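Below is one structure, written out as structure tokens, with a few remarks after it.
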Amino acid sequence: MHLLKDENGNPIPHGSHDHGACHEHSHEGCSHASECGESCNTGEKCKNETVALLTYMQQHNEQHAAELDQMAENIEKMGLADAAKQIRESVADFQKGNMRLSLALTLVKEHLKEA
């Protein structure tokens, strides 16, 4: 199990799920996105939760990228260099997306400071 931390440094346990069924597992707080939605763009609690959720998702993505990179290394050791190359290229794409998420998080934090 790997540990992620929210914006306050509190550990968020994660990693004991089956990555083969990644879209079926639940994350503590993930339902917040649908609960909060457009209706609470002014509430302080919602703003803090949004920052915490974005922070969590960014860290979550970074962990998965590291796991995929390790998988590519293992697959390459199995003699499957072409598959390892595809995984590494997907990790690079994943990291580009995560950079955009990081920028979005920075922008959200900046806007909240101004508010």
Side-chain angles (χ1 to χ4, degrees):
M1 177 163 97
H2 52 272
L3 287 179
L4 302 174
K5 295 184 180 181
D6 65 16
E7 68 171 347
N8 299 315
N10 300 314
I12 301 171
H14 175 74
S16 60
H17 63 274
D18 174 12
H19 282 104
C22 222
H23 294 288
E24 296 173 14
H25 70 276
S26 64
H27 294 126
E28 195 173 314
C30 278
S31 62
H32 167 76
S34 59
E35 292 171 11
C36 187
E38 299 172 19
S39 63
C40 76
N41 57 8
T42 59
E44 193 62 33
K45 180 181 178 194
C46 185
K47 290 176 183 179
N48 291 337
E49 288 179 3
T50 297
V51 170
L53 181 60
L54 279 171
T55 301
Y56 168 81
M57 293 303 294
Q58 181 191 18
Q59 292 171 347
H60 178 86
N61 289 349
E62 288 172 0
Q63 182 63 39
H64 280 298
E67 291 168 340
L68 286 167
D69 197 47
Q70 181 63 51
M71 185 183 296
E73 186 177 320
N74 293 342
I75 287 174
E76 190 167 39
K77 289 177 184 175
M78 294 169 42
L80 302 170
D82 54 346
K85 180 180 183 243
Q86 291 301 312
I87 292 171
R88 286 190 177 106
E89 288 177 5
S90 72
V91 169
D93 292 340
F94 201 82
Q95 289 171 332
K96 287 177 190 174
N98 211 34
M99 284 190 319
R100 291 187 186 273
L101 184 57
S102 178
L103 177 57
L105 177 59
T106 299
L107 291 169
V108 167
K109 287 178 178 180
E110 298 267 330
H111 286 293
L112 291 179
K113 283 181 188 175
E114 296 170 2

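Any value given below was found using the heavy atoms of this structure, including those in side chains, with hydrogens, waters and symmetry copies removed. Note that the coordinates shown come from a computational prediction; the quantities given were computed from them, not determined experimentally.
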Steps toward side-chain hydrogen bond (donor to acceptor under 3.5 Å, both in side chains) verdict (H64, E67):
CA-CA 5 Å; H64 280 298; E67 291 168 340; 2.9 Å; yes
side-chain hydrogen bond (donor to acceptor under 3.5 Å, both in side chains) between Q86 and D82: does it pass, once the steps are laid out?
CA-CA 6 Å; Q86 291 301 312; D82 54 346; over 6 Å; no
Using side-chain contact (heavy atoms from CB on, under 4.5 Å), reason through L112 and V108 one step at a time and then give a plain yes or no.
CA-CA 6 Å; L112 291 179; V108 167; 3.9 Å; yes
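With side-chain heavy atoms closer than 4.5 Å counting as contact, directly or through intermediates, the hydrophobic cluster containing L107 also holds L103.
Rounding to the nearest 0.5 Å gives a distance of 11.0 Å between CG of L101 and NE2 of H60. To the nearest 0.5 angstrom, N48 atom CG is 12.5 Å from L53 atom CG. With rounding to the nearest 0.5 angstrom, the CG atom of L105 is 9.5 Å from the CD atom of Q59. Interatomic distance, CG of N61 versus OG of S102, reported as 11.0 Å (0.5 Å rounding).
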Output side-chain donor-acceptor pairs under 3.5 Å for residues 87-95, partner residues at least two apart or in another chain, one line each.
from : atom 1 : to  : atom 2 : distance (Å)
R88  : NH1    : E76 : OE1    : 3.2
R88  : NH2    : E76 : OE1    : 3.2
E89  : OE2    : K85 : NZ     : 3.2
S90  : OG     : I87 : O      : 2.6

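The backbone N or O of C46 lies less than 3.5 Å from a partner atom in the side chain of T50, making a donor-acceptor pair. Here the side chain of N98 pairs a donor or acceptor atom with the backbone of Q58 at under 3.5 angstrom.
At a threshold of 4.5 Å between non-hydrogen side-chain atoms, the residues N74 and Q70 count as touching.
The two residues A84 and A72 have their closest heavy-atom pair at CB-O, 3.3 Å.
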